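Working notes for the structure below.
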Number of protein chains: 2
Amino acid sequence: MKLEEAIKSNKFKNETQKAALNVLYTAWWLKTNMSKGLKEFGITHEQYNVLRILKGKYPDQICVRDIACRMIEKNSNVPRIVDRLEIKKLVKRTTSQLDKRETVISLTHAGILLLEASTKSIDHTMETVTLLTEIESIQLNKLLEKLRSSER
Amino acid sequence: MKLEEAIKSNKFKNETQKAALNVLYTAWWLKTNMSKGLKEFGITHEQYNVLRILKGKYPDQICVRDIACRMIEKNSNVPRIVDRLEIKKLVKRTTSQLDKRETVISLTHAGILLLEASTKSIDHTMETVTLLTEIESIQLNKLLEKLRSSER
DNA sequence: TTAATTTATATGTATATACACCTATTATTT
DNA sequence: AAATAATAGGTGTATATACATATAAATTAA
């Protein structure tokens, strides 16, 4: 579906404005597809993101601040996302002994199992849904980074 | 900033997976920049989106359902966004006389003024921040629509 | 014409974003 | 060493997303 159909408008100032809206719409579309796949595992897209970050460092522990700076959405409220993962017993919280201000988070066995199963499912969903060749993907990555090149 | 730096990871399955994450991160980045610009006008990014949709049809009125299907994020809870715009007296709600189930929304004079001022500001922000040429933007739009081509 | 179904909107709940502020702990300064 | 500043994480509030359900009005079927 073209963007024009998706948002029922073709009044764009220029192609750049359209591209910005297209990025926003595509992100919403990707998130929706991911969430659908995660539903059977009882976790949200953001909770999955935190589990993935923990896995990336496993078996090392990682503090809340380090999780936060690895999140895609930088304003995520990590303590609260961890709350929900803790209730489901997918992660464990411990106060760091080196610095008692820090809370270190680690995956539980249940967390590892759930992450493995959901990753398999999500990877499959994303492959089915994201129809780009490797070359096109490289091109897209370049354009997105050019778009953001005003970022300091 | 490259995606690797932004999310402190370079463990991507392939370029397509990286592209999907890059779209999500770029969308967050764009929204953040937009929100910063809208702050002085006291409205959120989503409230601005609704005002823009109303302007697109002005002076025709438009019902809640028609706003919803024009939103970028299709699961937006339009009645609630309209609640907030109504409190600020930027829009007016009326029950349609032709179909009493429908609520038609229209911009107030204050809404029009605020929209004009904020659009000026937002357009400027987006131009400063989104560094793509017209040609690159066309290319990006094509790639995003290819990415989503599994959409039915 | 009444009953059943569909549609438009509103509302409730869980989770998330965005951001301000609080508290405990650590680091720095005087 | 005591006072001050900085840092990590938690918590409160407003708004949003996501989705289920409720309610009123309109449409369709019996």
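This one's a predicted model, so the numbers in the text were calculated from it and none came from an experiment. Side chains included, hydrogens not; waters and symmetry mates left out as well; all remaining heavy atoms used.
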Determine, using the 4.5 Å side-chain heavy-atom cutoff (strictly less than), whether [X] and [Y] are members of one ILVMFWY cluster.
X        : Y        : value
B/Ile53  : B/Val104 : no
B/Leu140 : B/Leu131 : no
B/Leu21  : B/Met1   : no
A/Leu24  : B/Met126 : yes
A/Tyr25  : B/Ile138 : no

Any side-chain N or O of [X] less than 4.0 Å from the OP1 or OP2 oxygen of [N]?
X        : N      : result
A/Trp28  : D/dT17 : no
B/Arg101 : D/dT27 : no
B/Thr103 : C/dA8  : no

5'-most contact on DNA chain D: A/Thr32 or A/Asp99, nearest heavy atom basis?
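Closer to the 5' end of DNA chain D: A/Asp99.
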DNA chain D: 5'-proximal contact among B/Leu98 and B/Lys88 (nearest heavy atom):
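First, find each residue's nearest nucleotide; the 5'-ward one identifies B/Lys88.
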Counting only N and O atoms by type, is there a donor-acceptor contact under 3.5 Å from the side chain of B/Gln47 to the main-chain atoms of B/Leu85?
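No, B/Gln47 side chain to B/Leu85 backbone: no donor-acceptor pair under 3.5 Å.
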Regarding A/Glu134 and B/Asn14, do their side chains bring together a donor and an acceptor under 3.5 Å, going by distance alone?
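Their side chains do not contain a donor-acceptor pair, so the 3.5 Å distance test is not met.
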We want to know whether B/Asn22 and A/Arg148 form a side-chain donor-acceptor pair, criterion being a heavy-atom distance below 3.5 angstrom.
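Judged by distance alone, the side chains do pair up.
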Under the salt bridge (Lys or Arg N to Asp or Glu O under 4.0 Å) criterion, do B/Lys31 and B/Glu73 qualify, and how do the steps go?
CA-CA 12 Å; B/Lys31 273 198 217 180; B/Glu73 322 223 344; 2.9 Å; yes
Run the numbers on B/Leu51 and B/Val91 for side-chain contact (heavy atoms from CB on, under 4.5 Å), then give the verdict.
CA-CA 8 Å; B/Leu51 292 179; B/Val91 303; 3.9 Å; yes
Nearest-0.5 Å distance that lies between atom CG in A/Leu38 and atom CD1 in A/Ile43
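One finds 5.0 Å between CG of A/Leu38 and CD1 of A/Ile43.
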Given atom NZ of B/Lys31 and atom P of C/dA18, what is their separation to the nearest angstrom?
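Those two atoms, NZ and P, are 7 Å apart.
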Would you jot down, in residue-number order, the residues of residues 55-67 of chain B having a non-hydrogen atom under 4.0 Å from DNA chain C?
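Going residue by residue through residues 55-67 of chain B, the ones with a heavy atom under 4.0 Å of DNA chain C turn out to be B/Cys63, B/Val64, B/Arg65.
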For DNA chain C, the residues among residues 71-84 of chain B that have a non-hydrogen atom under 4.0 Å from it
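B/Asn77, B/Pro79, B/Arg80, in order of number.
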Using a 4.0 Å cut-off on heavy atoms, which residues in residues 41-50 of chain A reach DNA chain D? List them by number, or say none.
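Listed by number, there are none.
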